[in-house]
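In this text, all values refer to a predicted model and were calculated from it rather than measured experimentally. Hydrogens, waters and symmetry mates play no part in the numbers below; they use all other heavy atoms, side chains included.
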Amino acid sequence: VITADDQSDGRQEEDQLAIAMTKLKHAEERAAALERELSHTKQKLKVSQEQVSSLQAQCDLQAQVDAEEEMSDTEESVVDPQDSWMAKFLCLRDYRILNGHCNVPRSHKLLGTWTNNQRSQFKNHKLKPERIHKLDSIGFHWGKGFPKPMAWEEGYAELQKFKSLYGHCNVTINETNPSPQAKWVSMQRSEYRRSKQGKDSLLTLDQVAKLKEIGFLFRGPHLV
C-alpha cells in the first residue's frame with residue numbers, strides 16, 4: 001500500500017530530478033556558448049596573425065628596397081662597346097618591342113643564330129646566370145620542353161590571386177631558381193625602371209596603372 005508519505009517522497013525526488021535536469025541543460029547551453037566564443041576568438045586570432053604576417057612581409061620588402069643601390073631616374077647604364085653579347089641582347093630587345101615576342105626566325109640570320117645559340121647554351125648549362133636573367137626579363141622562350149613566358153594578362157591575373165591570398169604583391173624572388181611568377185614580377189620592375197629613365201619600355205601606361213591599383217611596388221627586388 002502506497003502511503004501519503006511515499007507519494008510525497010516520490011514527488012520530491014521528481015522535483016529534484018527536474019531541477020537537476022534543468023541545471024544540466026543550462027550547463028550544456030553554457031558550454032556550447034563558451035565553445036562558440038572560443039571558436040570566434042580563434043578566428044579573430046587567425047586574422048590578426050595573417051595581418052601581422054602581411055605587415056612583416058611589407059617591412060621585409062621595404063628593408064630590401066632601402067638596402068638596394070638603385071639607379072636614379074636620370075642615371076644611364078653604360079654598355080661596353082666591346083661587349084658583343086650585350087649588343088646582341090639590345091638588338092633582341094628592340095626586336096621584342098617591335099614584334100611583341102623574341103621568336104626570331106631563321107631568316108633573320110645574325111640575330112636568329114644568336115638566339116638559337118643562347119637556347120643551346122642554356123640547355124647545356126653553359127649560359128651565365130646574369131645572362132639568363134636578362135633574357136628572362138624580356139620574355140625570352142627557351143624552346144621546346146620549357147614553359148612559355150607568361151603573357152602580361154596571365155601574369156597580372158596570377159598576381160591578383162596572390163594579392164587576394166596573402167594581402168600583398170610581394171612575390172618572393174629566388175635568384176637561383178625563380179618561378180614563372182617571379183620572372184614576370186621582375187620584368188615589370190625592370191621595364192618600369194627603363195620607362196622612368198626615358199628608355200623604350202615593354203610596359204604600357206595602362207599596365208602601370210593596373211599594377212598600381214592593386215598595390216604593386218615597382219621599387220622592389222628584381223633579377224636584373
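Open room surrounds NZ on K148; 12 or fewer heavy atoms of other groups in view lie less than 6.0 Å from it. Other residues, nucleotides and ligands contribute over 12 non-hydrogen atoms within 6.0 Å of the CG atom of L45. Residue L98 places its CG atom among more than 12 non-hydrogen atoms of other residues, nucleotides or ligands, all under 6.0 Å distant.
Salt bridge annotation for R30-E37: absent, with no cationic side-chain nitrogen under 4.0 angstrom from a carboxylate oxygen. A salt bridge is defined here as a Lys NZ or Arg NE, NH1 or NH2 lying under 4.0 Å from an Asp or Glu carboxylate O, and E158 with K161 meets this definition.
Here the closest heavy-atom approach between residue L203 and residue E191 is recorded as CB-CB, 3.9 Å. Contact record, T113 with K109: OG1-O, 2.7 Å, taken as the closest heavy-atom pair. Considering all non-hydrogen atoms of both residues, I214 and K163 come closest at O-NZ, 2.8 Å. A pairwise comparison of heavy atoms in Y95 and P105 identifies OH-CD, 3.2 Å as the closest pair.
Side chain of S120 to main chain of N116: no donor-acceptor pair is present (N/O by atom type, distance under 3.5 Å, no hydrogens or angles). Under the 3.5 Å distance criterion, the side-chain polar atoms of S195 are matched with a main-chain donor or acceptor of Y192. In this structure, H141 contributes its side chain and F146 its backbone to a donor-acceptor pair below 3.5 Å. Judged by distance alone, with hydrogens and angles left aside, the side-chain atoms of S186 form no donor-acceptor pair with the main-chain N or O of K183 at under 3.5 Å. Judged by distance alone, the side chain of D83 and the main-chain N or O of W85 form a donor-acceptor pair under 3.5 Å. Side chain of S39 to main chain of E35: no donor-acceptor pair is present (N/O by atom type, distance under 3.5 Å, no hydrogens or angles). Here the side chain of K134 pairs no donor or acceptor atom with the backbone of F89 at under 3.5 angstrom. Using a distance-only test at 3.5 Å, with no hydrogens or angles considered, no donor-acceptor pair links the side chain of S201 to the main chain of R194.
Note: the hydrophobic cluster containing L211 also contains L165 (ILVMFWY, side chain heavy atoms under 4.5 Å, direct or indirect links).
In this structure, Y166 OH and T172 OG1 are separated by 8.5 Å, a value rounded to the nearest 0.5 Å. Put simply, CD on Q43 and NE2 on H40 are 8.5 Å apart, with the number rounded to the nearest 0.5 Å. Summarising the geometry, atom CG belonging to L202 is positioned 4.5 Å from atom CE belonging to M187; distances are rounded to the nearest 0.5 Å. In this structure, CD on Q121 lies 10.0 Å from CD1 on I132, to the nearest 0.5 angstrom. With values rounded to the nearest 0.5 angstrom, L34 atom CG is found 12.0 Å from E29 atom CD. Residue H101 holds its NE2 atom at 12.0 Å from CD1 of I138, rounded to the nearest 0.5 Å.
In this structure, the side chains of R189 and V185 come closer than 4.5 Å at one or more pairs of heavy atoms. Using a 4.5 Å heavy-atom threshold, the side chains of L92 and L135 count as touching. Between L159 and W184, some side-chain heavy-atom pair lies under the 4.5 Å cut-off.
By the 30° and 60° cut-offs, the orientation of the rings of F216 relative to F218 is perpendicular. Relative ring orientation between F140 and W142 is described as perpendicular, the plane-to-plane angle rising above 60° on a 0-90° scale split at 30° and 60°.
Results of the side chain to side chain contact (heavy atoms under 4.5 Å, CB included) test with Y156 over K210, M150, Q188 single out K210 as the only residue that passes.
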